[in-house]
Student: 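Just dropping this structure here.
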Amino acid sequence: MAKITEGRLNEEIQQLSLKMYALQVIHSIDKMASFFQSSSSSLFPAIKGAWKNTPVDETNRQFISLEQSFLNQLKKHPAFFEGQTKYNLLEKMRLATEILLSCVPDKISLQITEEGSIFYTVFKNDLHIYFQHFLIDEFDQTDECMVSVYKGEKKILDYGGSLADTIEELSKSAPELNALLAIA
Amino acid sequence: MRLPKKISPDSLVDAIIEVKYEANRPFEVLLGIFFEALDETYFYTNRPIKPAAPGTFVAGTISLFYNDKISIQVLPGALAFSSLNKYIGWEDYYPAIEKALNTLHSTGNITKFTRVGIRYITEYVNKDLKDSIKFEFSFGWPEISSLLTTFRTEFMYSESKVILTLHNKLPVLKQLAVNAQPEIVLTSIIDIDVIKEPLSIEKLTEIHEVINSGHQKVKEVFFGMLREDFLKTLNPEY
């Protein structure tokens with residue numbers, strides 16, 4: 001089977017950038033109320049003044065932590081993604097991570113699996129998101145994903161599909177999350 | 001006023017130092033030069049830039065270097081330093097920043113520093129700031145008692161700009177323990193941003209002085225606001 005090319009990867013990134021924007025829009029209320037989070041990323045000043053604030057860390061800390069975790073696990077289990085380049089794996093991991101971080105999670109972690117996937121656990125308020133990203137090594141095929149979202153103990157989303165579609169489905173479950181924030 | 005060297009818990013959620021610079025090379029070239037200059041204790045990574053509008057695609061990435069203590073976000077015209085994990089105290093934090101800044105400056109491509117911003121953000125859970133700091137959360141309507149308050153002020157202090165933002169008793173949904181259901185907790189924030197600009201500094205020693213002086217001002221503003229009895233609960237070490 002043909003290996004995924006850098007060009008193909010870029011196309012996928014472009015397509016997903018649109019999804020990322022959709023997520024951003026849906027989370028715009030969240031951004032407004034972003035202060036109501038424990039993470040540093042939520043600490044942008046809501047009020048504009050004459051002087052410009054020094055920017056905060058946003059989710060850099062979480063991003064670095066996830067990348068370190070991924071690289072450490074990859075080093076221990078290189079066979080999980082046999083035949084794939086580290087460059088592609090890292091780029092795909094960064095993309096999915098970036099999308100998940102855009103909801104400013106309270107907690108997020110990842111685990112690589114024998115099936116050649118990255119399993120993310122994301123906590124956001126009382127939502128628990130379990131997101132599995134299969135890094136497909138085939139030309140003309142996008143990465144496959146599965147996502148389950150629990151609100152408390154109730155499952156509110158169960159979906160499997162392409163990375164882009166899964167992110168879209170996941171983002172549809174986000175308004176409820178924003179509503180929760182509004183109530184809070 | 002005698003300032004503590006350390007308090008515990010410090011309750012800091014962020015301690016950012018941003019240094020703005022001018023350079024004699026295009027940013028793309030500069031990034032490569034910085035990459036070469038920083039030793040093997042630093043890792044490099046990048047984050048995709050989020051699109052600003054629907055249907056748009058933003059080329060490029062956000063460049064980050066990090067070691068075991070700090071992260072450095074390298075931007076065109078700005079370097080933003082942050083602690084990698086929890087705040088490690090100025091005595092450990094600043095030498096790590098100083099080392100990185102010296103290395104980047106040693107490339108000879110930073111022509112001058114134009115702004116320094118130092119922002120410390122402290123978060124308290126279930127704490128009413130009116131009991132902790134010398135600030136009256138009231139206004140000219142005595143019978144009104146605010147459930148939550150946000151206050152921002154900008155002022156000059158020792159020739160630096162200060163943006164002070166206080167948030168008192170904001171209801172935040174938080175998961176306080178693993179496997180526990182999230183609950184609404186009242187959260188208060190003291191956000192102090194000390195800015196020195198405009199600058200035109202070429203010498204490293206001078207920029208280090210400005211950063212250290214800025215940190216001192218952050219401490220003066222923070223500890224200057226605290227009530228004595230609250231400060232005692234923070235186990236200050238002098």
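Letters A, B, ... are given to chains in the order of the sequence lines, protein chains preceding strands, and every chain is numbered from 1. Values below: every heavy atom of this structure, side chains too, minus hydrogens, waters and symmetry copies.
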Student: Pairing donors with acceptors under 3.5 angstrom, does anything connect the side chains of A:Thr54 and B:Glu18?
Tutor: no

Student: Which bit of B:Val19 is near chain A, if near means a heavy-atom gap under 4.5 Å: side chain, backbone, both or neither?
Tutor: neither

Student: Could you tell me which non-hydrogen atom of B:Asn46 sits nearest to which non-hydrogen atom of A:Phe63, and how far apart they are?
Tutor: O-CZ, 3.5 Å

Student: Roughly how far, to the nearest 0.5 Å, is the CD1 atom of A:Ile64 from the CZ atom of B:Phe43?
Tutor: 11.0 Å

Student: Using a 4.5 angstrom heavy-atom cutoff, name the option from B:Asp193, B:Ile17, B:Val185 with the most pairs to chain A.
Tutor: B:Asp193

Student: So with a 6.0 Å cut-off around CZ of B:Phe27, is the heavy-atom count from everything else above 12?
Tutor: yes

Student: How far apart are the closest heavy atoms of B:Met156 and A:Trp51, and which atoms are they?
Tutor: SD-CH2, 3.7 Å

Student: Is it the backbone or the side chain of B:Thr153 that comes under 4.5 Å from a heavy atom of chain A, or both, or neither?
Tutor: neither

Student: For B:Thr45, is there any backbone N or O sitting under 3.5 Å from a side-chain donor or acceptor partner on A:Glu67?
Tutor: no

Student: Can you measure from CG (A:Asn53) to CD1 (B:Ile16) and round to the nearest 0.5 angstrom?
Tutor: 11.5 Å

Student: Within the side chain of A:Glu98, is there an N or O that forms a donor-acceptor pair under 3.5 Å with the backbone of B:Arg47?
Tutor: no

Student: Checking side-chain polar atoms at under 3.5 Å, does A:Arg61 have a donor or acceptor matched by the opposite partner on B:Ser71?
Tutor: no

Student: Quick check for you: to the nearest 0.5 Å, what is the distance between B:Leu84 atom CG and A:Ser65 atom OG?
Tutor: 8.0 Å

Student: Given that the side chain runs from C-beta out, which part of B:Glu197 has a heavy atom under 4.5 Å from chain A: side chain, backbone, both or neither?
Tutor: neither

